[in-house]
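Have a look at the structure below, then the notes.
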Amino acid sequence: MTNNYITYFDDVLDKTFCEDIIEYYEKTNNKELVENNNMRFTQLNLNQSENGKPYVDYMMRNCFMPLIEEYKIKFNINQFPDDYAYEQLRIKKYMPNDKDEFKLHVDVEDYPTAKRFLVFFVYLNDNEKGLTCFPDYDIKVKPKTGRVLMFPPLWTHRHYAEKPIKEPKYILGSYLHYVGAL
């Protein structure tokens, strides 16, 4: 699937590595509940967690960097920032409790988030539901272990996360940032 600058790559991470990240998430104590009228999930910031740095380094070097080049080629992007930074990596867990979800939104909605220009979602497990949906493009992406979803975080790419129904949904996410912006 490739259109409207929304694409995914399968088998970027192997199942064992994804299971290891989930196990690390479950064993780590400094998770936070994120909740308001639009969203509810728990998350762990890997950059700020004890022993999270090896995962961060691996994801940047072996996962995201090669995919950025593939993304640029896939969409024939000639004007891409030469310098960019990564937002801190966060693992999000959505429980099948009929409460956890992320309603329709965009990921750039104010001055602090305006530095974001590309989204990375890494699905850490398969899930029957819990799809990432782009209603304006009639695109639904199913969570599949090791799949990486990439798209722009702007108003042109409104999306939401369906509620999982049988088992938790785990994703690891980050953004590319403009360097020196704002």
Side-chain angles (χ1 to χ4, degrees), residues 1 6-56 58-60 63-64 67 86-110 112-113 116 118-151 153 157-175:
M1 185 257 325
I6 302 167
T7 193
Y8 61 80
F9 302 91
D10 282 336
D11 304 316
V12 175
L13 296 177
D14 67 46
K15 185 174 181 169
T16 303
F17 186 76
C18 291
E19 289 170 348
D20 189 44
I21 294 173
I22 291 171
E23 183 179 336
Y24 177 76
Y25 174 89
E26 291 299 338
K27 287 181 178 179
T28 303
N29 293 323
N30 56 337
K31 296 179 276 287
E32 66 175 317
L33 175 65
V34 178
E35 183 174 27
N36 65 30
N37 292 336
N38 202 42
M39 65 181 122
R40 185 179 194 280
F41 52 83
T42 56
Q43 75 176 3
L44 172 66
N45 184 326
L46 279 176
N47 296 72
Q48 295 177 350
S49 69
E50 58 213 55
N51 304 319
K53 186 159 176 29
Y55 294 113
V56 172
Y58 180 87
M59 294 302 296
M60 298 307 163
C63 179
F64 296 153
L67 292 182
Y86 294 95
E87 188 163 303
Q88 296 184 1
L89 282 170
R90 292 178 181 87
I91 301 171
K92 294 180 182 176
K93 178 182 181 182
Y94 296 85
M95 291 295 293
N97 56 14
D98 201 39
K99 296 177 189 171
D100 286 12
E101 67 179 324
F102 206 146
K103 295 178 183 173
L104 190 63
H105 68 285
V106 296
D107 294 328
V108 170
E109 59 186 6
D110 55 20
T113 60
R116 296 173 173 171
L118 189 62
V119 179
F120 292 92
F121 287 161
V122 181
Y123 297 104
L124 299 175
N125 66 324
D126 295 349
N127 208 282
E128 182 180 331
K129 285 288 187 177
L131 284 71
T132 304
C133 304
F134 299 86
D136 297 330
Y137 302 112
D138 196 28
I139 293 173
K140 295 181 178 187
V141 181
K142 185 174 177 134
K144 180 180 176 216
T145 303
R147 174 177 282 170
V148 177
L149 172 64
M150 296 171 66
F151 60 94
H157 289 79
R158 298 180 320 144
H159 58 285
Y160 63 92
E162 285 185 345
K163 297 175 186 177
I165 58 170
K166 290 184 180 175
E167 57 187 319
K169 171 186 162 185
Y170 296 87
I171 65 166
L172 185 147
S174 187
Y175 302 87

Heavy-atom donor-acceptor pair, D100 side chain to M95 backbone, under 3.5 Å: yes
Derivation and outcome, ring pair (Phe, Tyr, Trp, His ring centres under 6.0 Å), residues Y8 and F121: CA-CA 9 Å; Y8 61 80; F121 287 161; over 10 Å; no
Pairing residues for E32 by the salt bridge (Lys or Arg N to Asp or Glu O under 4.0 Å) criterion, not counting sequence neighbours: none
Partner residues of Y170 under the ring pair (Phe, Tyr, Trp, His ring centres under 6.0 Å) criterion, sequence neighbours left out: Y25
Donor-acceptor pair, side chain of N125 and main chain of E19, under 3.5 angstrom: no
Verdict with supporting geometry, T7 and F151, side-chain contact (heavy atoms from CB on, under 4.5 Å): CA-CA 7 Å; T7 193; F151 60 94; over 6 Å; no
Side-chain donor or acceptor of R147 paired with backbone N/O of K142 under 3.5 Å: yes
Residue pair V122, I21: steps toward the side-chain contact (heavy atoms from CB on, under 4.5 Å) verdict: CA-CA 11 Å; V122 181; I21 294 173; over 6 Å; no
Y137/H157 under ring pair (Phe, Tyr, Trp, His ring centres under 6.0 Å): CA gap, chis, key distance, verdict: CA-CA 9 Å; Y137 302 112; H157 289 79; 5.3 Å; yes
Euclidean distance, L124 CG relative to T145 OG1, rounded to 0.5 Å: 8.0 Å
Parallel, tilted or perpendicular, as decided by the 30° and 60° cut-offs, for the rings of F41 and Y94: tilted
Carboxylate-amine/guanidinium contact K99 E35, below 4.0 Å: no
Residues in side chain to side chain donor-acceptor pair (under 3.5 Å) contact with D14, at least two apart in sequence or another chain: none
